[in-house]
Amino acid sequence: MKVGILGNGNVGGGARTVIARHPCGLEVKKVLARHIPAGLEGLVTTDPAEILEDPEIELVGEALNGLEPAYTYVSEALRRGKHVVSANKAMICRYFTELHALAAEHGAGLRFTPSAGGGIPWLVNLRRTLRCDRVTALRGILNGTTNYILDAMQTQGRCFEEVLAETQRMGYAEADPSADIDGLDAQRKCAISASIAFGIPVREEDVPVLGIRSVTAEDVQNFAAMGRICRLLVQVEEVAGAVSACVEPALLLPQEIECSIHACDNCISLTADEAGTLRFSGPGAGAAPTGSSLVQDMIDIAALGKAACAGNVVLDGKAVLGGDAIHSIRHPYYVRSQGKVPPELVRGGAGSAKITAPLTPQEAVQLERKLHRRDKTTFLAAILPSGKGNI
Ligand code: HSE
């Protein structure tokens, strides 16, 4: 099958290299890039029409950043009946419903395994599980940059800014690292995973999020004194038809699985009625792992050919997204702030920080916003009960 790749950066270039090494019946006919690198004049173009309007190209791999022009190009490819594999979490998350409707209308396959979990076959196995099972919970680490930072701060005693700069040099952090350290990247991956798991469109703004921008070496020392390790955790669960989801720094006991995930690796678990708890871990970012995940989806589509559309996600779930009133996720929080935590919420202390009564993630976000007005360095983290690591 002849394919076109939109993007020649980290992931697009990674996919091109993987196909060069392992063609698997795929032939890269054109690659879209901003500039044409020396030696690739015949292959690389700056004109998207050379891919989108070429009837020989049946499959488009999309590895651009951000919403536009990615959404315009992918929509056009689907309208022309071309299959699409995307690594673009921001675009897939924002236009989940629209893209699936377009793919169904035009009989095109749509896959996006590399958009969450980098090189880990996470979304593809989540979809596979659902064929004969019901998923009730998801939990884990879906951002490599923040895992690298939290791990290095805990194990090497290094400071936040220094480690963040290192992740940028290594190419793991997003172009604007705010997406990583404010939890927005994990929020999108959480929304995409939850949409698949429950067959309902979950938007990023439906997922309350707390980031790690303000975490300090002193916080990490407080966590150690509490016998805890911090990880940026995605949590989704369904209770009696209501889905609750959040992304937040979580203080875990050292024996929990996520504490053994180091550097940029990700680790995500699903719990299903029949299969039990299944865990997937590995490189959550990087050119070769994420590029290979894009190629794996391409191989699946090429094998199915015109039938690829039948394997697309169908949004037919009956669950509803839980508002605050029915939010089943509720934890005490570690709060370090110069702002005043309402006394009725305080249940104890940890060094310079306070421990609150159990709050929903939404209530914790509201508390963080209030305290942030007084102290921009405010930091909150959920304190998870022991044993919750084995959902
Ligand atoms: N910035 C992302 C991460 C890249 O650190 O996980 C992979 O999506």
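What you are looking at is a predicted structure, and each value in this text was computed from that prediction instead of being measured. Counting starts at 1 for both ligands and their atoms, in listed order. Starting from 1, each residue takes its place in the sequence as its number.
Every atom of ligand 1 with a heavy atom of Tyr172 under 4.0 Å away is listed here by number and element: 1 (N), 2 (C), 3 (C), 4 (C), 5 (O). If you number the atoms of ligand 1 from 1 as listed, the ones under 4.0 Å from a heavy atom of Ala285 come out as 4 (C), 7 (C). Close contacts of ligand 1 with Lys89, meaning ligand atoms under 4.0 Å from a residue heavy atom, involve 2 (C), 4 (C), 7 (C), 8 (O). Near Lys189, the atoms of ligand 1 lying under 4.0 angstrom from a non-hydrogen atom of the residue are 2 (C), 3 (C), 6 (O), 7 (C), 8 (O). Atom numbering of ligand 1 starts at 1 in the shown order; those under 4.0 Å from a heavy atom of Gly144 are 3 (C), 5 (O), 6 (O).
Ring geometry for Phe379 versus Phe223: interplanar angle of 30 to 60°, hence tilted.
Glu256 has no carboxylate O lying under 4.0 Å from a charged side-chain N of Arg231, or vice versa, which leaves the two without a salt bridge. Using a 4.0 Å cut-off between charged nitrogen and carboxylate oxygen, Arg111 and Asp300 do not count as a salt-bridge pair. For the pair Arg158 and Glu166, the salt-bridge criterion is met [side-chain N within less than 4.0 Å of a carboxylate O].
In this comparison of Ala186, Gly284, Gly118, the heavy atom closest to atom 7 (C) of ligand 1 sits on Gly284.
Heavy-atom minimum distance, Cys259 versus Leu252: SG-CB, 3.7 Å.
Residue contacts with ligand 1 for Asp180 involve side-chain atoms from C-beta outward but no N, CA, C or O (heavy atoms, distance under 4.0 Å).
Distance alone, capped at 3.5 Å, places no donor-acceptor pair between the Asp151 side chain and the Tyr148 backbone.
Looking from atom 4 (C) of ligand 1 to the surrounding protein, the closest heavy atom is Glu174 OE2, 3.3 Å. Of the protein's non-hydrogen atoms, the one nearest atom 5 (O) of ligand 1 is Thr145 OG1, 2.7 Å.
Between the CG atom in Asn88 and the OG atom in Ser86 there is a gap of 4.5 Å [rounded to 0.5 Å].
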